[in-house]
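Below you'll find the structure, written out as structure tokens, and then a few comments.
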Amino acid sequence: MDSLVNIIFSQVNLTLSIFLILLVVYWLLTMISGIDFELDVEIDVDVDSGLDLEGNNIEFQDVSNAEIHKDDVVGKRIQPLKWWQIFLIYFNFVGLPFMFTLTCFVFIWWFSTVLATALTASYANVFGFGILIVTFFTSLVFTKIFTTPFKGFFKHLNKDGDKAIDFIGRQGVLLSSISGNKMGNAEVYVNGDPMSIYVKSLSGEALNYHDKILIIKQSADKNYFLVQIYND
């Protein structure tokens, strides 16, 4: 049998191997530096997740951290979900931190493909690419099975024990552009520690990425804050 390195970086496995290495680098940088690399990609969720998201555009990071339950999706929606929304929710890309689920999926897909192509000696031919496609779907199933028990862990992480923070009147910086009913994230420093909160424009006016904002009040459901531009 050829060396493991040749198999991992063969024609079939090269792309997944590089992707997995990048994810490992991401987690190492996150753990060492504490930097949160945010993805500023907007998608329309169109579900009521308890965050007043119905009909609003929110940031990709919001979707990755939102807790969306079956009752929210089935019982409270006005518009039907799109296929890719169902895909994200069903395979736990929503309901768990997105990067956590993505990393689990990529590792399972990579491991399954490397193992299967090594056993069949197909890591450098067309049959190997067929295995790559098949393991994509099987890895989704295994990812759902593996990540489902973590929902309770992430849901209750930091649930109690921390003193409530009063954000009203504090200044912050927008991490995404917001306007109208569009919700986004803002970074607020509390005792020297950066904290990310959900925000919405108080008057509906457009506020841009990295604008300084002032937190005016909290929403009635306590899930986000209404903000306005802050002028020094």
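It should be emphasised that the depicted structure is a prediction, and the values quoted were computed from it without experimental measurement.
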(message) Do T113 and T135 pair up side chain to side chain, a donor and an acceptor below 3.5 Å, judged on atom types alone?
(response) yes
(request) Evaluate the ring planes of W83 and F87, with Trp represented by its six-membered ring, and classify them as parallel (under 30°), tilted (30 to 60°) or perpendicular (over 60°). (result) perpendicular
(message) The test is side-chain hydrogen bond (donor to acceptor under 3.5 Å, both in side chains); show your working for S122 and N125 and say whether it passes.
(response) CA-CA 5 Å; S122 58; N125 56 45; 4.5 Å; no
(message) Quick check on the hydrophobic clustering: are I145 and W109 connected, directly or via other members, by side-chain heavy-atom contacts under 4.5 Å?
(response) no
(message) Counting neighbours of NZ on K144 that are heavy atoms of other residues, nucleotides or ligands and sit closer than 6.0 Å, is the number greater than 12?
(response) yes
(message) Using side-chain heavy atoms (C-beta onward) and a distance below 4.5 Å, is L207 in contact with I229?
(response) yes
(request) Apply the side-chain contact (heavy atoms from CB on, under 4.5 Å) test between F105 and each candidate in F100, F136, W110; give the one that qualifies. (result) F136
(message) Treating T117 as the side-chain partner and G128 as the backbone partner, does any N or O pair qualify as donor plus acceptor under 3.5 Å?
(response) no
(request) Say whether I133 and F129 are linked into one hydrophobic cluster, either directly or through other cluster members, by side-chain heavy-atom distances under 4.5 angstrom. (result) yes
(message) For the residue pair K200 and Y224, would you count it as a cation-pi contact if the rule is NZ or CZ under 6.0 angstrom from the ring centre and within 45 degrees of the ring axis?
(response) yes
(message) Please determine whether residues I131 and L14 belong to a single hydrophobic cluster, defined as Ile, Leu, Val, Met, Phe, Trp and Tyr linked transitively by side-chain heavy-atom distances below 4.5 Å.
(response) no
(request) Decide yes or no for V5 and I7: does some side-chain heavy atom of the first lie under 4.5 Å from some side-chain heavy atom of the second? (result) no
(request) Tell me yes or no: between the side chains of N92 and T143, is some donor less than 3.5 Å from an acceptor? (result) no
(request) Could you state whether F9 and F111 fall into the same hydrophobic cluster, counting links through intermediate Ile, Leu, Val, Met, Phe, Trp or Tyr residues with side-chain heavy atoms under 4.5 angstrom apart? (result) yes
(request) Keeping the roles fixed (side chain from S177, backbone from Y209), state whether a donor-acceptor pair exists under 3.5 Å. (result) yes
